[in-house]
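Sequence lines set the chain letters: A, B, ... in the order given, protein chains first and strands last, and positions in each chain run from 1. Quick note: numbers below take in every heavy atom, side chains included, and nothing from hydrogens, waters or symmetry partners.
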Amino acid sequence: MPYDHAAIEARWQAYWDEHETFEAKVDRSKPKYYVLDMFPYPSGSGLHVGHPEGYTATDIIARYKRMKGFNVLHPMGWDSFGLPAERYAMKTGTHPAVRTDECIANFKRQLKMLGFSYDWSREIATTDPGYFKWTQWIFLQLWGAFYDREAGKARPIAELAIPTEVEAEGPAAVRAYRDARRLAYLHEAPVNWCPALRIVLANEEVAEQVEAGNEVIRVPMKQWMLRITEYAQRLIDDLEGLDWPNSVLEMQRHWIGRSEGAEVDFQVQGIEGEEGRLRVFTTRPDTLFGATYMVLAPEHPLVARLATDAQREAVQAYVEATARRTERDRQAASAEGEKTGVFTGAHAINPVNGEAVPIWIADYVLMGYGTGAIMAVPGHDTRDHAFATTMGIAIKQVVGPVGGGEVDVQAEAFTEQGVAVNSGLIDGLPTAEAKAKITAWLAEQGKGEARVNYKLRDWLFSRQRYWGEPFPLVHKPTPDGGSEVAPVPTADLPVGLPEVEDFNPSETGEPPLAKATAWVELPDGSRRETNTMPQWAGSCWYYLRFCDPRNADAPWSDEAQDYWMPVDLYIGGAEHAVLHLLYARFWHKVLFDLGHVGTREPFHKLVNQGMILGATYVPKQGQPKGEVKRIYVADDIETLGEGENVEYVHKQTREPLTIQWDKMSKSRGNVINPDDVIAEYGADTMRLYEMFMGPLEASAPWQPEGVNGCFRFLARAYRLFFEQGKDGAADAVREFAEGEGTEDQRRLLHRTISEVSERIERMSFNTAISSLMVFVRDVEKGGARLGKAAAETFSVLLAPFAPHLAEEFWRALGHESSLTYAPWPAADESLLVEDSWTLVIQIKGKKRGELQVPSSLDPKADREAITKLAMASDAVERFVGDAEPRRVIYVPGKLINVVP
RNA sequence: GCCCAGGUGGCGAAAUUGGUCAUACGCGGGGGACUUAAAAUCCCCUCUCUUCGGGGGUGCGGGUUCGAGUCCCGCCCUGGGCACCA
């Protein structure tokens with residue numbers, strides 16, 4: 001019988017389960033290693049081959065680290081709240097919990113088939129009440145805290161100092177004072193309402209729905225917000241020291257979007273004092289002298305007051321028109337260069353030169369950033385330039401190029417740094433100095449101050465959905481006829497989801513939970529909060545729960561958290577580069593401030609695995625315009641020719657096609673199902689191929705022929721250990737030679753140990769596998785019987801990649817138990833050294849010969865002897881002759897370069 | 001437009017800090033062995049030109065260096081992200 005992967009894999013999966021081989025326990029005598037996958041949303045369609053790429057990588061590391069003596073935590077769970085289950089419920093009436101359980105079961109079956117070494121006793125699901133009890137608990141920590149800017153950290157709200165004048169106004173005022181400072185707060189604001197889905201979308205979710213053809217409009221609604229903006233600076237600062245891909249670090253920094261500048265006060269003409277103070281934010285205070293107009297966002301509170309009678313109607317109309325458009329929509333149109341806006345009729349005084357500048361409103365200024373108002377400097381800002389040109393507003397030059405020279409700001413804005421001109425007290429100063437000087441001057445005059453702004457906005461945290469964590473809050477009537485928010489006591493958590501008949505929100509946006517009146521209305525007259533949390537909530541802290549997943553009294557114990565955290569290696573898709581990682585970091589920092597965790601950052605090393613691409617076939621001539629795009633899958637096509645002359649045509653139409661590689665998706669029909677691959681080749685082959693395709697971080701196409709190559713390698717290895725049984729008899733274990741076999745085998749073995757170890761450490765799995773392939777090939781080629789010790793070592797080296805087959809080998813060698821905790825071998829350095837080494841002889845940088853140098857000559861110490869040897873070589877004689885070389889470069893152990 | 005990553009054989013890809021031979025390993029292709037035959041397996045060849053001495057070649061054009069896939073400058077292309085953030 002040849003390599004019977006199905007039987008072998010079933011046997012070892014059962015063994016691991018039965019022996020609880022991968023269960024992790026806190027053990028302070030060993031160093032720990034926490035290796036985590038981004039847990040999946042268990043979708044109805046099951047795993048595709050893209051999922052196991054990252055999972056295989058973490059599994060290799062987990063298994064390698066165990067053999068290196070680490071106590072490894074390698075858990076898996078389910079990010080199981082989510083919209084698909086809810087939509088499925090709306091369509092079929094099946095409760096989301098039922099559907100979710102089915103999907104989880106399927107995912108788990110598939111993952112188990114791949115032989116991943118997860119500690120399944122730690123399995124968690126975010127939808128499990130035993131889990132979301134603590135999600136709710138963490139929310140209450142946020143609700144119960146404020147950010148102390150002076151201390152630079154969050155503190156319990158009870159410690160917030162209440163000003164005496166507030167105290168004097170009574171409990172309602174104190175409550176309001178506190179509520180306005182909590183890290184979780186209610187905020188009425190225009191939100192992105194999607195009528196088709198009947199849900200509110202976060203800004204970052206709008207694009208996706210608009211692309212899907214769903215309308216998104218703005219409506220005001222009361223929403224729970226989380227004060228992530230207070231952490232903006234720390235979220236930037238603490239990126240330092242993380243071992244993360246540069247691209248992710250950059251994306252996070254850009255998302256947070258720190259910018260330094262100044263706030264400047266303009267005084268509106270005709271409105272005295274504080275009320276008429278119009279504050280703007282600018283990163284270029286040095287261009288203040290070039291401000292020829294101002295712009296307010298249409299939502300700016302001062303807009304209504306500023307509009308003069310003559311302009312009131314136009315202003316009103318503009319404000320209403322923009323209110324209907326989503327922020328994204330506004331930005332998209334305007335970014336094309338279409339600038340719209342209306343003059344308010346009012347003017348304000350420029351504090352640096354006393355000039356009166358007109359005040360406009362325009363939607364290219366956003367209320368959510370800075371102060372919602374700008375000074376416009378068309379000479380030195382592209383957007384202002386476009387607007388001024390459209391509206392016929394004056395453009396003034398106040399910065400010139402450093403080396404002198406002319407620029408025409410009428411034609412195009414000069415946005416670079418330079419030297420201030422036409423700018424009074426800062427004339428002649430380079431931009432940086434001009435900024436500093438004018439900012440200092442403004443501060444002195446009480447007309448402005450230096451200021452740092454961030455693009456990051458507070459996090460819209462409530463959703464009008466059923467399938468999410470309920471907020472552990474109630475709205476309690478107060479004696480004055482109002483209501484106050486009160487937490488559900490920890491002892492009463494979790495707040496579970498009520499049974500409902502209908503999972504749809506109402507047309508007005510009332511969440512589905514609002515219809516469960518028996519659940520909403522409490523005996524004391526309080527009403528439960530009916531929003532639910534977004535899907536991000538559960539994934540913000542699951543890595544902490546994995547440390548102590550069955551704890552019923554706390555989200556985690558100090559002991560477990562202190563031992564396992566931080567996550568040493570975190571692998572997942574690049575699509576989570578910003579939001580998930582930012583939100584999780586934010587929660588972690590709040591928990592850190594409040595003393596619940598001991599680490600500032602949760603994830604030490606982060607790796608994004610690349611995408612696995614699937615094949616589709618499209619017309620070679622390109623898609624005809626105006627027609628529905630034609631995309632075909634492998635079943636539709638016929639392959640003609642071979643090698644470099646390969647051609648694809650459609651089976652029926654004979655249309656010439658060309659292959660195209662895309663992200664795998666159901667809609668494209670280019671998905672490969674792991675079940676099929678495993679059935680044909682086995683999990684070990686599948687794991688091996690996924691890693692052999694190329695570097696983990698790179699995207700690569702799934703090529704079925706490549707899978708076969710990996711299978712062939714395992715089958716070869718199998719034949720190294722087993723002899724085919726005659727006439728249907730079981731395969732017999734081969735006889736092995738003594739020890740590490742022949743001298744050649746020993747050397748080969750130790751080189752393989754050295755290479756595989758080093759390449760796993762570098763996570764260069766494709767090249768590590770190549771070393772293993774070379775080992776098998778060369779042992780075969782050598783023809784001698786493999787030494788038993790060498791066979792054992794090889795099994796260990798293979799185990800992280802193809803664990804089932806490795807276990808099979810291990811047992812064949814006479815071991816009773818699993819090789820999971822067998823020690824990782826160390827290479828004998830002395831065997832890596834050859835008898836002689838090759839010195840390359842170059843003449844003027846070109847290779848002209850080589851020389852075998854005996855190992856008795858040390859590359860470094862015997863420099864002179866080696867040089868002498870080289871100078872006497874044929875190559876030097878031929879190309880240099882007797883002439884004295886101008887230069888001789890000797891690279892120890894590598895080459896000698898003679899320049900005549 | 002801006003930011004990040006990347007461009008190496010017919011294909012997936014190798015090449016510690018600039019240092020031998022660019023193209024390991026695998027796929028595909030060609031030739032052969034075994035077989036009645038096929039599958040499986042095994043062996044050899046597989047960047048290119050060549051007058052067989054050697055020459056050229058890592059997206060393109062320059063540069064630094066004794067020596068560049070690797071470093072610098074300027075382009076081109078592909079993928080990902082951001083995109084009126086004042």
Side-chain angles (χ1 to χ4, degrees), chain A residues 2 245-251 253-255 257 259 261 280-284 287 295 330-339 362-366 368-377 381-384 386-387 453-457 574-575 577-578 608 610-611 642-646 659 688-689 692-695 697-710 712-713 715-716 719 758 762 764 766-774 777 780-781 837-847 849-851 885-900:
Chain A
N246 195 27
S247 59
V248 178
L249 295 173
E250 281 297 297
M251 276 193 246
R253 285 193 196 105
H254 283 150
W255 193 265
S259 63
V280 302
F281 173 71
T282 176
T283 53
R284 291 294 300 269
T287 62
V295 187
R330 279 163 58 174
Q331 292 180 10
S334 199
E336 304 286 310
E338 302 166 34
K339 293 277 186 286
D363 64 1
Y364 82 91
V365 172
L366 310 170
Y369 183 74
T371 61
I374 62 159
M375 61 169 204
V377 185
D381 182 285
T382 352
R383 297 147 304 177
D384 297 344
F387 188 82
N453 257 322
Y454 302 89
K455 284 188 214 173
L456 185 68
R457 320 273 177 95
E575 66 272 19
V578 178
N608 294 131
M611 252 183 303
E642 274 160 346
E644 49 190 302
N645 302 315
V646 73
I659 197 163
L688 209 60
Y689 176 64
F692 190 61
M693 290 171 82
E697 300 88 341
S699 293
W702 181 270
Q703 294 174 309
E705 315 80 52
V707 181
N708 203 28
C710 289
R712 270 206 284 262
F713 159 66
R716 264 175 145 181
R719 286 195 300 270
E758 182 257 348
R762 271 170 41 211
S764 177
N766 53 335
T767 57
I769 293 167
S770 134
S771 293
L772 293 168
M773 287 174 166
V774 169
R777 183 197 66 187
E780 261 182 358
K781 229 184 217 168
W837 48 276
T838 310
L839 179 75
V840 165
I841 299 179
Q842 287 186 342
I843 310 298
K844 209 167 176 258
K846 276 212 185 304
K847 186 197 170 191
E850 53 182 49
L851 199 64
R886 275 198 305 163
R887 214 172 146 184
V888 176
I889 295 127
Y890 173 66
V891 182
K894 297 250 166 154
L895 58 81
I896 188 153
N897 188 4
V898 183
V899 186

For the side chain of [X], counting heavy atoms from C-beta on, which of [options] is nearest?
X       : options                   : result
W255(A) : rC82(B), rC3(B), rG12(B)  : rC82(B)
R712(A) : rA86(B), rG12(B), rU41(B) : rU41(B)
T282(A) : rG26(B), rA86(B), rA24(B) : rA86(B)
F692(A) : rG12(B), rG81(B), rC3(B)  : rG12(B)
S770(A) : rC4(B), rA24(B), rG12(B)  : rA24(B)
N766(A) : rC3(B), rA14(B), rC42(B)  : rA14(B)
E780(A) : rG12(B), rC42(B), rC82(B) : rC42(B)
E705(A) : rG28(B), rG12(B), rA14(B) : rG28(B)
R716(A) : rG26(B), rC4(B), rA86(B)  : rG26(B)

> Between atom CG in D381(A) and atom P in rG1(B), what is the gap in whole Å?
Replying inline: 18 Å

> Taking NE2 from H254(A) and P from rG81(B), how many angstroms apart are they, rounded to a whole number?
Replying inline: 15 Å

> Taking syn as any angle within 90 degrees of 0 and anti as the rest, which one fits rG9(B)?
Replying inline: syn

> If anything within 90° of 0 is syn and all else is anti, what is rG53(B)?
Replying inline: syn

> Mind checking what makes ring-ring contact (aromatic ring centres under 6.0 Å, His included) contact with F692(A), not counting sequence neighbours?
Replying inline: none

Check whether any side-chain N or O of [X] sits under 4.0 Å from OP1 or OP2 of [N], and answer yes or no.
X       : N       : result
Y369(A) : rA86(B) : yes
R719(A) : rC42(B) : yes
R762(A) : rA15(B) : yes
S259(A) : rA86(B) : yes

> Ion pair present between R253(A) and E250(A), side-chain N to carboxylate O less than 4.0 angstrom?
Replying inline: yes

> Counting only N and O atoms by type, is there a donor-acceptor contact under 3.5 Å from the side chain of Y689(A) to the main-chain atoms of Q703(A)?
Replying inline: yes

Partner nucleotide of [N] by Watson-Crick or wobble geometry (both distances under 3.5 Å):
N       : result
rG6(B)  : rC77(B)
rC82(B) : rG1(B)
rU70(B) : none
rC42(B) : rG32(B)

> For I374(A) and V280(A), which heavy atoms make the closest approach, and how far apart are they?
Replying inline: C-CG1, 3.6 Å

> Is P695(A) touching bases, backbone alone, or none of the nucleic acid, heavy atoms closer than 4.0 Å?
Replying inline: sugar-phosphate

> When we call it a touch if two heavy atoms are under 4.0 Å apart, what does T382(A) touch: a base, just sugar-phosphate, or nothing?
Replying inline: nothing

> So, is the end of the K339(A) side chain (NZ or CZ) under 6.0 Å from the ring centre of F387(A) and within 45° of the ring's axis?
Replying inline: no

>> Under the rule for side chain to side chain donor-acceptor pair (under 3.5 Å), what residues qualify as partners of R284(A), not counting sequence neighbours?
In response: D286(A)

>> Here's a test of your reading of the structure: between Y454(A) and S699(A), which maps to the more 5' nucleotide of RNA chain B?
In response: S699(A)

>> On RNA chain B, compare the nucleotides closest to V578(A) and K455(A); which residue's is nearer the 5' end?
In response: V578(A)

